[in-house]
Peer 1: 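First the structure, then my questions, so here it is.
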Amino acid sequence: MLASMIANYLKRNFPQIQKWAYNASEFNKYGLYRDDIIYETEDVKEALKRLPPDVMEARIFRLVRAAQLDCQKKVLPQEQWTKFEEDEPYLLPHLMDVIKERKEREEWEAN
């Protein structure tokens, strides 16, 4: 929650810092999106199951291509890098739903 609040504050007030941090992370040089590199917890695994098949196939393609590029010690040509402005969260809405449902279930079971 705090990380989300900080990200929103930075996005509103310091977009150039957020863009710099995005490019400094270098995952975009492999054609990956932010949601491609989220650590796979149980919640993330459940959110991945809820993705439409075409979105999941695109994710798998990006991950396989990035692994292959990494093995070859290469990156994509700069015109194929993922741009900050184009990186829309595709997994985050599903993940937020999963977390909300889990918390509701935990509250229900606690009572």
Side-chain angles (χ1 to χ4, degrees):
M1 179 83 149
L2 180 61
S4 175
M5 291 171 50
I6 291 171
N8 287 335
Y9 175 79
L10 289 174
K11 193 174 206 175
R12 281 190 312 261
N13 299 308
F14 302 100
Q16 59 274 60
I17 292 174
Q18 194 171 26
K19 188 173 182 176
W20 173 85
Y22 180 86
N23 290 322
S25 66
E26 297 190 353
F27 63 83
N28 63 324
K29 293 180 181 181
Y30 295 93
L32 295 171
Y33 294 164
R34 279 177 281 204
D35 286 358
D36 292 336
I37 61 170
I38 293 176
Y39 182 76
E40 290 192 18
T41 62
E42 291 302 316
D43 290 339
V44 173
K45 289 177 185 176
E46 179 60 34
L48 287 169
K49 292 178 187 176
R50 298 180 183 195
L51 288 177
D54 59 322
V55 175
M56 189 62 171
E57 288 172 12
R59 172 189 164 85
I60 292 169
F61 172 79
R62 288 189 302 272
L63 291 169
V64 169
R65 179 179 58 182
Q68 184 177 11
L69 287 166
D70 188 51
C71 287
Q72 295 172 345
K73 306 289 187 215
K74 295 180 181 178
V75 294
L76 291 171
Q78 190 167 2
E79 61 271 4
Q80 294 181 20
W81 292 2
T82 306
K83 293 169 186 56
F84 176 74
E85 297 80 12
E86 297 171 354
D87 191 349
E88 292 294 324
Y90 64 90
L91 184 62
L92 193 59
H94 297 285
L95 181 58
M96 299 307 288
D97 288 343
V98 169
I99 292 170
K100 180 181 170 188
E101 290 168 10
R102 179 180 46 80
K103 287 183 179 180
E104 287 175 358
R105 189 172 41 254
E106 288 171 355
E107 283 180 22
W108 178 262
E109 291 171 355
N111 289 330

Peer 1: Determine the minimum heavy-atom distance between Tyr90 and Val55, stating which atoms define it.
Peer 2: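 So the two residues come closest at CD1-CG1, 3.6 Å.
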Peer 1: Are Leu32 and Trp81 side-chain neighbours, meaning at least one heavy-atom pair lies under 4.5 Å?
Peer 2: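 They are not in side-chain contact.
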Peer 1: If we only count heavy atoms from C-beta on, is the Glu104 to Trp108 side-chain gap below 4.5 Å?
Peer 2: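 Glu104 vs Trp108: side chains apart.
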Peer 1: Are Leu51 and Ile60 co-members of a hydrophobic cluster defined by side-chain heavy atoms under 4.5 Å apart?
Peer 2: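 The answer is yes; both residues are in one hydrophobic cluster.
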Peer 1: Calculate, to the nearest 0.5 Å, the distance between atoms NZ and CE belonging to Lys49 and Met56 respectively.
Peer 2: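 The NZ atom of Lys49 sits 10.5 Å away from the CE atom of Met56.
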Peer 1: In Å and rounded to the nearest 0.5 Å, what is the CG to CG distance from Asp36 to Leu91?
Peer 2: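 The CG atom of Asp36 sits 9.0 Å away from the CG atom of Leu91.
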Peer 1: Taking atom types as modelled, find out whether Asn28 and Asp87 have a side-chain donor-acceptor pair closer than 3.5 angstrom.
Peer 2: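 Per modelled atom types, Asn28 and Asp87 side chains form no pair under 3.5 Å.
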Peer 1: Using every non-hydrogen atom in the two residues, find where Pro89 and Pro93 come nearest and quote the distance to one decimal.
Peer 2: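 Answer, listing the atom of Pro89 first, then Pro93: O-CD, 4.0 Å.
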Peer 1: Are any of the side-chain heavy atoms of Gln18 and Phe84 separated by less than 4.5 Å?
Peer 2: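 The answer is yes, as the side chains (C-beta and beyond) meet within the 4.5 Å cut-off.
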Peer 1: My understanding is that only residues two or more places apart in sequence, or in another chain, count here; which of them pass side-chain contact (heavy atoms from CB on, under 4.5 Å) with Gln80?
Peer 2: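 Applying side-chain contact (heavy atoms from CB on, under 4.5 Å) to Gln80 gives Leu76, Pro77.
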Peer 1: Show your working on side-chain contact (heavy atoms from CB on, under 4.5 Å) between Glu40 and Leu48 and close with a plain yes or no.
Peer 2: CA-CA 9 Å; Glu40 290 192 18; Leu48 287 169; 3.9 Å; yes
Peer 1: Check whether the side chains of Tyr22 and Arg34 place a donor and an acceptor atom closer than 3.5 Å, and report yes or no.
Peer 2: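 No.
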Peer 1: Is any side-chain heavy atom of Leu69 less than 4.5 Å from a side-chain heavy atom of Lys29?
Peer 2: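 Leu69 vs Lys29: side chains apart.
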Peer 1: Does one hydrophobic cluster hold both Val64 and Phe27, with members joined at side-chain heavy-atom distances below 4.5 Å?
Peer 2: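 No; tracing contacts between hydrophobic side chains, which count when under 4.5 Å, never links both residues.
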Peer 1: Does one hydrophobic cluster hold both Tyr33 and Val44, with members joined at side-chain heavy-atom distances below 4.5 Å?
Peer 2: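 Both belong to a single hydrophobic cluster.
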Peer 1: For the CG atom of Asp43 and the NZ atom of Lys103, what is their distance to the nearest 0.5 Å?
Peer 2: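 Asp43 CG to Lys103 NZ: 9.0 Å, rounded to 0.5 Å.
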Peer 1: Under 4.5 Å between any side-chain heavy atoms of Glu42 and Glu46, yes or no?
Peer 2: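 Side chain of Glu42 against side chain of Glu46, heavy atoms only: no contact under 4.5 Å found.
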Peer 1: Any heavy-atom pair between the side chains of Arg59 and Arg62 that's under 4.5 Å?
Peer 2: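 They are in contact (side-chain heavy atoms under 4.5 Å apart), so the answer is yes.
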Peer 1: Could you tell me whether Glu101 and Arg105 make a salt bridge, using a distance below 4.0 angstrom between a side-chain N and a carboxylate O?
Peer 2: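 Here Glu101 does not pair with Arg105 in a salt bridge, since their nearest N and O are not under 4.0 Å apart.
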Peer 1: Taking side-chain contact (heavy atoms from CB on, under 4.5 Å) as the definition, give me every residue that meets it alongside Asp70, ordered by chain and number, with sequence neighbours left out.
Peer 2: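 Counting only residues at least two positions away or on another chain, Asp70 forms a side-chain contact (heavy atoms from CB on, under 4.5 Å) with Tyr30.
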Peer 1: Quick check: are there more than 12 heavy atoms from other residues, nucleotides or ligands sitting under 6.0 Å from NZ of Lys83?
Peer 2: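 Enclosed: over 12 neighbouring heavy atoms sit under 6.0 Å from NZ of Lys83.
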